[in-house]
Amino acid sequence: MIGPVAGQQTDLKAVQIYSQDELIAMINENTHLDRVVMDDCQLVQDIEARAATLKLPAYQFLWGDMLAWGVCLKADPERGIHYMHEAAEQGLPAAMEQLGRYYAVGRLVQKDIDRAIVFLREAGSLGNLKAQLRLAELFIEGHGSPYDYEDAYHWLYNAITADKGQHEQIARCLQELEKLMHPKAVRKARRPLNS
């Protein structure tokens, strides 16, 4: 029997690849990059394969984020944004929200409020609360079309959150949107979510 060589660490443990659901939960909690680092960057090749070859949207987003910020590999923001776009095109709300946020503030890409609104509106329609809030804030700042205010109000009016700060932010956005909307539109926007 061969034992460990003197001075070698024997506590290295193989890390299992994340399930799609587990990865989406990490992305929604914004812990996905921390997890890759915590796993000692052992899964870089597996993540790349699932993004580039299998084209799984959650892995495209993770790989894009890793490339954009240089997590476990050399930063390549252009390729990173490309993979985030691929994930968004496949309908991953977190990718749409992040791209919308990046275009809204000009992070890694040129600031483009119109593009931001497109991404945030789509993510918001899929129930992404972060996107709904950011979209409402853009509308309150005077961007976008008044025709879209009703949808933003409707989503936030029906939002459910246990986070007190988020709850207060929703209430503030609703109050500000009401000032921009016709009372009839506000009444219509207060309908139940699935009606």
Side-chain angles (χ1 to χ4, degrees), residues 12-139 141 143-144 148 152 155 161 163 165-166 169 173:
L12 187 61
K13 183 172 113 178
V15 176
Q16 295 297 313
I17 193 70
Y18 323 120
S19 73
Q20 187 86 333
D21 290 339
E22 182 182 18
L23 180 54
I24 289 171
M26 286 188 279
I27 290 168
N28 290 338
E29 295 166 7
N30 198 27
T31 60
H32 56 289
L33 294 178
D34 294 335
R35 176 68 182 269
V36 172
V37 172
M38 189 177 75
D39 290 337
D40 296 323
C41 300
Q42 291 182 49
L43 300 175
V44 172
Q45 290 177 327
D46 291 318
I47 292 166
E48 180 182 19
R50 281 166 174 73
T53 306
L54 298 177
K55 301 191 181 304
L56 299 172
Y59 279 95
Q60 288 173 320
F61 178 77
L62 174 59
W63 182 240
D65 227 7
M66 289 169 65
L67 285 165
W69 299 109
V71 174
C72 297
L73 61 152
K74 186 176 187 244
D76 187 347
E78 188 174 339
R79 280 186 62 217
I81 293 294
H82 166 78
Y83 276 99
M84 288 180 209
H85 271 277
E86 285 194 358
E89 287 170 14
Q90 289 202 61
L92 186 68
M96 293 178 222
E97 184 276 327
Q98 184 156 311
L99 286 168
R101 182 168 20 102
Y102 284 2
Y103 281 110
V105 298
R107 182 173 293 131
L108 298 178
V109 295
Q110 296 304 307
K111 187 172 182 174
D112 186 338
I113 299 296
D114 292 335
R115 270 177 111 171
I117 288 171
V118 169
F119 281 112
L120 294 170
R121 181 166 174 54
E122 189 62 31
S125 73
L126 295 171
N128 186 291
L129 184 56
K130 289 181 195 175
Q132 293 167 353
L133 286 165
R134 186 165 300 273
L135 182 64
E137 288 173 352
L138 288 175
F139 292 160
E141 291 170 6
H143 303 287
D148 292 328
W155 298 327
T161 180
D163 182 299
Q166 224 173 27
Q169 186 182 9
C173 285

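In this structure, H32 has its ring center at least 6.0 angstrom away from the ring center of Y18.
I17 is not listed as a side-chain neighbour of L23, based on a closest heavy-atom distance of 4.5 Å or more. Using a 4.5 Å cut-off on side-chain heavy atoms (C-beta onward), V71 and V37 make contact. Inter-residue side-chain proximity for R35 and E22 is flagged as met; some heavy-atom pair is nearer than 4.5 Å.
In terms of modelled atom types and a separation under 3.5 Å, the side chain of Q90 and the main chain of K55 share a donor-acceptor contact. Checked by atom type and distance alone, the side chain of T31 never pairs as donor or acceptor with a backbone atom of D34 at under 3.5 Å.
Atom-to-atom distance recorded for N30:CG and Q98:CD is 7.5 Å, nearest 0.5 angstrom. Taking CG of L135 as the start and CD of E122 as the end, the distance is 11.5 Å to the nearest 0.5 Å. Atom OH of Y102 is separated from atom CD of E97 by 9.0 Å, given to the nearest 0.5 angstrom. Expressed to the nearest 0.5 Å, how far CD of Q132 lies from CG of L120 amounts to 10.5 Å. One finds the OH atom of Y83 at 15.0 Å from the OH atom of Y59 (value rounded to the nearest 0.5 Å). With rounding to the nearest 0.5 angstrom, the CD atom of E89 is 10.0 Å from the CE atom of M96.
Shortest non-hydrogen contact noted between P57 and Q20 is CD-NE2, 3.9 Å. The shortest heavy-atom contact between A88 and A95 is N-CB, 3.7 Å. Nearest heavy-atom pair, D39 versus L43, reported as atom, atom and distance to 0.1 Å: OD2-CD1, 4.4 Å. In terms of heavy-atom proximity, A58 sits nearest to L92 at CA-CD2, 3.9 Å. Of all the heavy atoms in A68 and A75, the pair that sits closest is O-CB, 4.3 Å. Between A131 and A123 the shortest heavy-atom distance is CB-CB, 3.5 Å.
Legend: disulfide bond (SG atoms under 2.5 Å apart) pairs involving residues 19-90, not counting sequence neighbours, sorted by first then second residue: C41-C72. For residues 78-137, no residue pair satisfies the disulfide bond (SG atoms under 2.5 Å apart) rule, not counting sequence neighbours.
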List, one per line, each side-chain donor-acceptor pair under 3.5 Å for residues 47-54, sequence neighbours excluded.
none

Practice problem: Go through the steps to decide whether W63 and V44 satisfy the test side chain to side chain contact (heavy atoms under 4.5 Å, CB included), and finish with yes or no. | Solution: CA-CA 8 Å; W63 182 240; V44 172; 3.8 Å; yes
Practice problem: Determine, stepwise, if the pair L138 / I113 fulfils side chain to side chain contact (heavy atoms under 4.5 Å, CB included). | Solution: CA-CA 8 Å; L138 288 175; I113 299 296; 4.1 Å; yes
Practice problem: Start with the C-alpha distance between Q169 and D163, add both sets of side-chain angles, then the distance that settles side chain to side chain contact (heavy atoms under 4.5 Å, CB included), and finish with yes or no. | Solution: CA-CA 10 Å; Q169 186 182 9; D163 182 299; over 6 Å; no
Exercise. Dump the intermediate steps for side chain to side chain contact (heavy atoms under 4.5 Å, CB included) on L108 and W69, then the final yes or no.
Key: CA-CA 10 Å; L108 298 178; W69 299 109; 3.6 Å; yes
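Counting heavy-atom neighbours within 6.0 Å of Q166 CD, excluding the residue itself, gives a total above 12.
Evaluated for a side-chain hydrogen bond (donor to acceptor under 3.5 Å, both in side chains) with H82, the options E78, H85, E86 yield exactly one hit, E86.
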